[in-house]
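Shown next, in structure tokens, is the structure this report addresses.
Chain letters run A, B, ... following the sequence lines, proteins first, then strands; residues in each count from 1.
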Amino acid sequence: MTQGPVRVRIAPSPSGYLHVGTARTAIFNWLLARHTGGQFLVRIEDTDRERSKPELIEPILDAMRWLGLDWDEDIVYQSRRLDRYNAFAEQILKAGHGYRCFCTAVELEASRVQARAEKGATKYDRRCLALSEDEIRRRTEAGQPYAIRIRIPDGDTKFTDMVSGELSRHSDDIEDLIIARSDGTATYNLAVVVDDHEMGVTHVIRGNDHITNTFKQIHLYHALGWEVPQFGHLPLILRPDKKKVSKRLGDKDVNQYSHEGILPEAMFNYLCLLGWNPKTDREIYTRDELIQIFTPEYLNAANAVFDEEKLEAFNREHIMRRSNHDLAVLVAPMLVEAGLTTKYWLETRWKYLCDVIGVLKERVRRLNDFAAIGGYFFTFEGKYDDEAASKNFNDEAAELLAALAAHIEGLGDLTLENAEQAVNAVAETGGVKKAKVIHPTRLAISGMPAGPGLYDIMALLGRSAVLDRLRRAIDYIRTKQRA
RNA sequence: GACCCCAUCGUCUAGUGGCCUAGGACGACGCCCUUUCACGGCGUAAACACGGGUUCGACUCCCGUUGGGGUCGCCA
């Protein structure tokens, strides 16, 4: 499909962090902009003074930067455009598309409660639309506060959604929404329409929880005499319990995944395939590949459950695609934070770090796993896995370890080859199977029951560290046997 | 409750009337590889919600039912 350049936007409100739902909406918008050579814009919807928190803006932008979602123009802050919106509310009122509503919030709430009780729709009953000119003038002059509502014309409202096709709703089911509050400030729907129009947004792609708003906003475009943009309503991302992801329900901040060792390209790739797919059996793509192949036609209409296990599977694939050096840059601070080593030590032994990552790489799902399963490459305190120790540490093992240590002492540097030869020799002279030597040795030098190939570990650790740990294990076994 | 959206394995999905005895991926299970754990390879279990139509023929089209989700604020 060929499509001209689009102007799209993501419009988060700083009342919380960026969760995967918003992140995925941002990704699709960004992808469409990049695919068509258009612009991706960011607007901060911070008109709610009570709930917006300025300090939440940076974390949201950080999460976007982490995902590689760069924007093309200055960020638009609605809070700085408040004055701009009021004029348009007035314009709608003067043009006869709106009317003053003197109902108080308390009254409105009461009639909603009543409507619910009577099991009906809770739409505004338009009582203020029936007010006479005189009555309106009288109340206005008396200083009675009023909100401005737009009057929804009779008939069906229709639009063609990029995801779901023809969508329509009868005017009876669209409320005469308030566009300006009684304190004069504009409400969300008006602000959005004014901004999208003035920012030149051509395609509005957002969650399908906005469908109701879209019908309302279409009437605002009409009342203002503006061209209506294309709309696309994405299916929602659901939690495993099938509720839509939300801050309320404690869903994770996208930044948190970064701290938990998820690679940004993995998150990007996984999210992109939730609700969209390339119509092939391939699932792993780079960001650039996705820009190439992305087309909104392949957007799904059904909601999708977010599965962290599958995210991890994507993460593993992307970890395998990164160079050891790249991974080292990301893993180094994690090792330091875990108290396993220091920044300085790693900097002077960068090659070693890369080699360690090389042997650990394929048994890791998240970046944090490197520290969790490979700590012994940096620090070893003589702690042995309990189960493995009771199984592998016995008198016979102590003797074999001693024989191995003796053999290694006669060696120069430990290499993959002579490490293997050493183990073979010890097994042979001891008249036991290799496994009898290998398992205690692994436990002795790593403390772990599982991990990379033993010779890899030995060669990496080096002669003196291996000897130290061997002797330490022998002591450990002997003192334990005596006790 | 009203309105709207949606409906293929547990999960993400392919499928646009015959290529379907429904394909792939994650997860699960088993086998092989192997010093362990992974990786890799091979394989198994696992789905078209239901009922009516339309048609020579429906997973695919239409209607209804059921189920799930969303929205119903002078919040965004």
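Taking the C1' atoms as reference points, B/C9 lies 12 Å from B/G24, given to the whole Å. Using atom C1' as the reference point in both B/U16 and B/C50, the two lie 23 Å apart (nearest Å). B/A22 sits 11 Å from B/A45 when the P atoms are compared, rounded to a whole Å. Comparing the P positions of B/A58 and B/C5 gives a spacing of 28 Å, expressed to the nearest Å. Using P as the reference atom, B/G68 and B/G53 are 27 Å apart when rounded to the nearest Å.
Cation-pi geometry between A/Arg151 and A/Tyr99 is not met at under 6.0 angstrom from the ring centre and within 45 degrees of the axis. Seen from the ring of A/Tyr124, A/Arg149 counts as a face-on cation partner, given the 6.0 Å and 45° thresholds.
Sorted by residue number, the members of residues 359-366 of chain A with any non-hydrogen atom under 4.0 Å from RNA chain B read A/Glu362, A/Arg363, A/Arg365. Of the residues in residues 160-176 of chain A, those with a non-hydrogen atom less than 4.0 angstrom from any atom of RNA chain B are A/Ser164, A/Leu167, A/Arg169, A/Asp173.
In this structure, A/Phe159 and A/Phe231 have perpendicular ring planes: the angle between them is above 60°, well past the 30° mark.
Residue A/Thr185 is classed as having no contact, given no heavy-atom separation below 4.0 Å to the nucleic acid. No contact: A/Pro240 has no heavy atom under 4.0 Å from any strand. When heavy atoms are screened at a 4.0 angstrom cut-off, A/Cys103 is found touching base atoms of the nucleic acid. The residue A/Arg282 sits apart from the nucleic acid: no heavy atom pair falls under 4.0 Å.
Under the 3.5 Å distance criterion, the side-chain polar atoms of A/Ser390 are matched with a main-chain donor or acceptor of A/Glu387. Formation of a donor-acceptor pair under 3.5 Å by the A/Asn392 side chain with backbone atoms of A/Ala388 is found in this model.
Under 3.5 Å, the side chain of A/Arg316 and the base of B/C26 form no donor-acceptor pair of N or O atoms. The base of B/A76 is paired with the side chain of A/Asn213 by a donor and an acceptor separated by under 3.5 Å.
Annotation: of the two residues near RNA chain B, A/Gly275 and A/Lys434, the 5′-most nearest-nucleotide partner is A/Gly275. Both A/Glu309 and A/Val305 sit near RNA chain B, but only A/Val305 has its closest nucleotide nearer the 5' end.
Going from atom CG of A/Asp385 over to atom P of B/C37 covers 13 Å, rounded to whole Å. Between the C1' atom of B/G70 and the CG atom of A/Leu236 lies a distance of 7 Å, rounded to the nearest Å. Note: CZ (A/Phe231) to P (B/C4) measures 19 Å, nearest angstrom. Rounded to an integer number of Å, the gap from A/Glu283 CD to B/U11 C1' is 12 Å.
The one candidate from A/Leu273, A/Thr286, A/Leu31 that meets the side-chain contact (heavy atoms from CB on, under 4.5 Å) condition with A/Phe268 is A/Leu31.
Under 4.0 angstrom from either OP1 or OP2 of B/A14 there lies at least one side-chain N or O belonging to A/Asn300. Using a 4.0 Å cut-off, no side-chain N or O of A/Arg239 falls inside it from OP1 or OP2 of B/G68. The side chain of A/Lys242 places no N or O atom within less than 4.0 Å of a non-bridging phosphate oxygen (OP1 or OP2) of B/G68. A sub-4.0 Å separation between OP1 or OP2 of B/G15 and a side-chain N or O of A/Lys279 is present. At B/G69, one or more side-chain N or O atoms of A/Lys243 fall inside 4.0 Å of OP1 or OP2 (strictly under the cut-off).
With respect to A/Arg282 and A/Glu289, a salt bridge is recorded, a charged nitrogen being found less than 4.0 Å from a carboxylate O.
In terms of the salt bridge (Lys or Arg N to Asp or Glu O under 4.0 Å) criterion, residue partners of A/Glu109 (sequence neighbours excluded) are, by chain and number, A/Arg112.
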